[in-house]
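Here the structure comes first, spelled out in structure tokens, and everything after it is commentary.
Everything numeric here is computed off the predicted structure, so don't read it as measured data. All chains are named by letter (A, B, ...) in the order of the sequence lines, taking the proteins before the strands, and each is independently numbered beginning at 1.
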Amino acid sequence: MKVGVLALQGDFREHVAASQSCGYEATEVRRVEELESVDSLILPGGESTTIIKLAEHFNLFASIQKKIREGMPVYGSCAGMILLADRIIDGIEGQKSFGGLDVTVRRNAFGRQVDSFESDLTFNGTLLHAVFIRAPWVEEIGADVEVLSTAAEHPVAVRQGNLLATSFHPELTADLAVHRYFFEEICTGR
Amino acid sequence: MTESTGTARVKRGMAEMLKGGVIMDVVNAEQAKIAEEAGACAVMALERVPADIRAQGGVARMSDPDMIEKIQAAVKIPVMAKVRIGHFVEAQIIESLNVDYIDESEVLTPADYTNHIDKWKFKIPFVCGATNLGEALRRINEGAAMIRSKGEAGTGDVSNAMMHMRTIGAEIRRLSSLREDELYVAAKELQAPYALVKEVAETGKLPVVLFTAGGIATPADAALMMQMGADGVFIGSGIFKSGNPAQRAAACVKATTFYQDAKVLAQASRGLGEAMVGINVADIPAPHRLAERGW
């Protein structure tokens with residue numbers, strides 16, 4: 001399996017490194033041809049508005065939406081969660097997303113940078129240390145969405161079919177549990 | 001669940017999220033909107049861009065909290081603000097406004113010609129300028145969570161930013177080539193703490209994100225800095241002192257992502273109208289060069 005990491009802006013290098021640490025070939029994706037060459041996609045942390053603008057300008061927007069519809073496994077962390085959400089609260093006016101994940105996400109829900117924090121939490125039954133930076137949370141979930149982690153009484157890790165999203169940044173810690181879950185539970189057979 | 005805020009990891013992690021992006025100087029809410037719309041990953045709120053500070057002279061200080069709050073209300077992307085070197089009370093005030101990052105900046109008039117701010121005392125992260133590796137490591141030792149090469153702000157002349165990026169890169173490469181028992185003297189020569197020098201020698205990079213700043217005015221300048229190893233770009237006067245700010249801002253964002261693709265860069269460079277006029281750094285008398293502020 002070849003893992004693609006959307007490399008328009010943000011901490012994509014850390015996701016490439018985490019994927020490689022899990023033993024997978026990983027590559028940066030900036031254009032449609034590169035998207036066509038990968039079996040799964042990671043949307044990194046960064047600024048969601050910046051990433052969407054660049055994706056639209058370089059014709060990646062529709063291609064990524066199509067891949068999501070066709071069932072490509074996609075994992076988004078932080079900004080990546082916003083990009084996967086069907087509905088966004090507190091975004092810029094008319095903020096777009098690739099969508100696919102039947103959730104409502106609140107951008108910067110935990111507050112500004114002074115409120116950014118790290119904390120232990122449970123992910124799918126196992127304990128891990130999570131880093132939240134100007135993080136979103138999930139406000140409402142659809143019937144098919146499974147909650148894998150909760151913080152401040154809101155879902156912060158969710159899965160729906162082949163889509164996985166976390167409010168926090170496992171790529172900033174040495175703990176590979178979330179990446180392994182994505183590769184082993186969602187990407188299997190690819 | 002025990003939560004910790006203001007840790008080195010969340011401060012440095014915030015800078016990780018800005019990577020591959022452009023941080024733009026803005027002086028009002030309208031400019032901040034233009035920057036956000038163009039794809040800026042953050043804005044720097046200040047009263048006068050460096051080119052105007054240079055032209056008008058006088059003492060340059062932190063911005064009016066009213067002005068900063070208007071910009072915070074106008075955009076969803078992170079908002080940064082500048083304080084004078086060593087002016088820890090300006091930093092306390094800016095922190096109380098819940099700004100996302102503080103720039104302890106040589107662009108403003110220094111408040112202390114000996115000491116920088118003890119940045120560990122703050123929950124909010126700081127970015128500081130550096131012209132060489134020793135200066136970068138001294139700032140990190142004081143708690144800076146992000147470094148930017150200084151360049152020469154407000155000139156539109158990229159040569160100093162280039163020199164600073166080359167210097168920092170060359171000094172890191174040199175450390176990586178030294179024997180372990182030579183790092184003590186290297187630390188002495190760099191006037192930097194041994195532990196940080198050893199860390200850089202081992203990892204071959206700074207322990208925090210390295211952006212570049214000072215004199216960047218075109219998409220080609222932004223891409224040049226990215227090819228020199230910058231993690232991202234600050235553009236100060238270059239955007240809103242040009243003929244068509246919205247278009248130039250969007251072009252610089254594209255160039256920072258596709259910095260290795262000459263075709264995209266050529267496309268981004270077309271029809272941008274007038275660039276900021278600019279001043280050659282060589283024509284600025286030495287006492288007025290901002291990059292030399294910092295110790």
Check for me whether the distance between the ring centres of B:Phe126 and B:Tyr101 falls short of 6.0 Å.
no
Answer key: most heavy-atom pairs under 4.5 Å with chain B among A:Leu54, A:Val131, A:Thr49, A:Asp115 is A:Leu54
Sort A:Gln95 into side chain, backbone, both or neither according to what part of it lies under 4.5 angstrom from a heavy atom of chain B.
neither
Output yes when A:Asp90 and A:Arg107 qualify as a salt bridge under the 4.0 Å nitrogen-oxygen rule, no when they do not.
no
Which of the residues B:Thr5, B:Asp231, B:Asp100, B:Val253 is involved in the greatest number of heavy-atom pairs with chain A at under 4.5 angstrom?
B:Asp100
Have a look at A:Leu83 and tell me which of A:Ser48, A:Cys78, A:Pro44 forms a side chain to side chain contact (heavy atoms under 4.5 Å, CB included) with it.
A:Ser48
Scored by heavy-atom pairs under 4.5 Å with chain A, the best of B:Lys33, B:Lys76, B:Met14 is B:Lys76
Other residues, nucleotides, ligands: >12 heavy atoms within 6.0 Å of B:Phe88 CZ
no
Please work out which of the three classes, parallel, tilted or perpendicular, describes the rings of B:Phe234 and B:Phe211, given edges at 30° and 60°.
perpendicular
Option in B:Cys41, B:Gly20, B:Ala42, B:Ala38 with maximal non-hydrogen atom pairs under 4.5 Å from chain A:
B:Cys41
Can you tell which part of B:Val22 gets under 4.5 Å to a heavy atom of chain A, answering side chain, backbone, both or neither?
neither
Around atom CD of A:Glu184, are there more than 12 heavy atoms from other residues, nucleotides or ligands closer than 6.0 Å?
yes
Pick from B:Pro78, B:Gly39, B:Gly21, B:Gly13: which one has the most heavy-atom pairs with chain A under 4.5 Å?
B:Pro78
If you tally heavy-atom pairs under 4.5 Å between each of B:Lys123, B:Glu16, B:Lys254 and chain A, the highest tally belongs to B:Lys254
Presence of salt bridge, B:Asp103 and B:Lys82, under 4.0 angstrom
yes
Contact class of A:Ala79 relative to chain B, heavy atoms under 4.5 angstrom
neither
Do you know which of B:Val79, B:Asn98, B:Leu18 has the most heavy-atom pairs under 4.5 Å to chain A?
B:Asn98
If you count heavy-atom pairs under 4.5 Å between each of A:Glu47, A:Arg30, A:Lys53, A:Arg134 and chain B, which one has the most?
A:Arg134
For B:Ala40, is it the side chain, the backbone, both or neither that has a heavy atom under 4.5 Å from a heavy atom of chain A?
backbone
Within the 4.5 Å heavy-atom criterion, are B:Leu133 and B:Leu206 side-chain neighbours or not?
yes
Can A:Glu185 and A:Arg159 be counted as an ion pair, charged N to O under 4.0 angstrom?
no
Sort out for me which of A:Ile51, A:Ile52, A:Thr173 touches chain B most, counting heavy-atom pairs under 4.5 Å.
A:Thr173
